Amino acid sequence: MTAPTNPQTDRAGRADDAAHVGQVGRADHADLHAPVIDWFTEHARDLPWRRDTAGPWGVMVSEFMLQQTPVNRVRPVYEQWLARWPRPADLAKEAPGEAVRAWGRLGYPRRALRLHGAAVAITERHGGDVPTQHAQLLALPGIGEYTAAAVASFAYGQRHAVLDTNVRRVFARAVTGVQFPPNATTAAERKLARTLLPEEEATAAQWAAASMELGALVCTAKNEECHRCPIASLCAWRLAGKPAHEGPPRRGQTYAGTDRQVRGKLLAVLRDALVPVPQADLDRVWDEPVQRARALDGLVDDGLVEPLAGGLYRLPQG
Ligand code: SF4
């Protein structure tokens, strides 16, 4: 699964240009590896999906949940999820609506359906074990390039470029010399990420996790803390005097009043109900009828809500 993209701002040309002005030359890329990995060894957060006990399924679940949701909101849901469904086959035998229910308030609930679909495919095609090969992972329903690379790298220690929002920001600053990456991932960024990958497999896997953590903890979108950054002396953006962002405006995270908010409210009613609910129960949570109907239609179209005869609704039963 990939983050939402904005075709108007996916400006590969601009990023290509930017990639060429990076002040850290290719020969110097390797200089970034050791400091970032050493920093990670000392400062990495102890997160449940990083423990050996998580296993490949735990890593996969965490990657679905973390893509658009912060760690502190994911952690309790992740722990309940793994306690209830410790193996893909445990989830696969449940109705998809149970995955949506357990997803709770993590947001973007289509991820729950996709994770359920992946669990079914893993059970049917791979004997219940999360496959080890990137191509097999990518062939699972609901798994995109990012998740396939992340699972192959974090669960199996393989060499893949894992390009999430945090990594993209670190690379944009440290290597390309700009404050923010483009709004949507570009071919130039993928190429740069491959160029930056250490040759040795285990080191590459460490680099993927370490560069991601650096972006999450030190080189954040709101506030870069260069004084505690292990690559401050090499960072192209910092060395250039931190020039202001010149690209397109960055995407906002508006929520209040959006269809997303209405969908969240409607879905919350269904998550809390153990029996099908009448339309009137849904009507109570949002006053504006046109927007409410549009949101409900969207949930039905996405397979997150199942309409029944008699004007009743429930979570999907499969
Ligand atoms: S030096 Fe500052 S801007 Fe550069 S990578 Fe480190 S935290 Fe980010």
Side-chain angles (χ1 to χ4, degrees), residues 3 9 11 14-47 50 66-68 70-72 146 149-150 153-154 159-186 188-199 203-253:
T9 53
R11 298 173 56 183
R14 184 185 167 279
D16 265 321
D17 294 340
H20 289 133
V21 300
Q23 295 184 10
V24 177
R26 182 172 181 157
D28 300 319
H29 285 161
D31 292 348
L32 299 170
H33 298 155
V36 173
I37 291 170
D38 288 350
W39 170 87
F40 182 68
T41 304
E42 198 175 336
H43 297 283
R45 290 167 292 179
D46 175 25
L47 299 172
R50 286 188 178 151
L66 287 164
Q67 274 182 39
Q68 283 152 313
V71 163
N72 58 353
Y146 168 80
S153 179
F154 301 152
R159 182 178 183 273
H160 293 283
V162 185
L163 208 49
D164 85 333
T165 313
N166 290 316
V167 175
R168 294 176 61 220
R169 186 171 55 254
V170 170
F171 290 177
R173 291 176 182 170
V175 182
T176 309
V178 295
Q179 186 176 14
F180 294 112
N183 279 343
T185 309
T186 64
E189 287 181 277
R190 292 198 180 90
K191 186 174 170 195
L192 175 62
R194 286 195 300 273
T195 306
L196 284 166
L197 258 187
E199 285 302 322
T203 313
Q206 286 179 308
W207 165 252
S211 51
M212 193 175 288
E213 189 78 333
L214 188 66
L217 297 185
V218 175
C219 194
T220 67
K222 283 194 185 133
N223 182 27
E224 71 283 358
E225 295 191 60
C226 306
H227 62 279
R228 62 187 193 102
C229 177
I231 50 171
S233 64
L234 301 168
C235 173
W237 184 57
R238 184 181 155 275
L239 293 172
K242 297 192 176 178
H245 178 63
E246 286 181 353
R250 302 180 63 234
R251 273 200 302 260
Q253 288 283 330

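Note that ligands are numbered from 1 as they come in the structure, with each ligand's atoms numbered from 1 the same way. Hydrogens, waters and symmetry mates are skipped; everything else that's a heavy atom, side chains included, is used. Predicted, not measured: the structure shown is a model, and the values here were computed from it.
The shortest heavy-atom contact between R173 and Q179 is NE-O, 2.7 Å. For the residue pair N166 and M212, the shortest heavy atom distance occurs at CB-O, 3.5 Å. Here the shortest heavy-atom pairing between H43 and E213 reads O-OE2, 4.5 Å.
The side-chain contact (heavy atoms from CB on, under 4.5 Å) with F171 is formed by just one residue from the set V178, L192, T176, T195; it is L192.
Looking only at protein heavy atoms, the nearest one to atom 2 (Fe) of ligand 1 is C226 SG, 2.3 Å.
Below 4.0 Å from some heavy atom of C229 lie the following atoms of ligand 1, by number and element: 1 (S), 5 (S), 6 (Fe), 7 (S). Atoms of ligand 1 lying under 4.0 Å from at least one heavy atom of W237, given by number and element, are 3 (S).
Between S233, C219, C235, S211, it is C235 that holds the heavy atom closest to atom 1 (S) of ligand 1.
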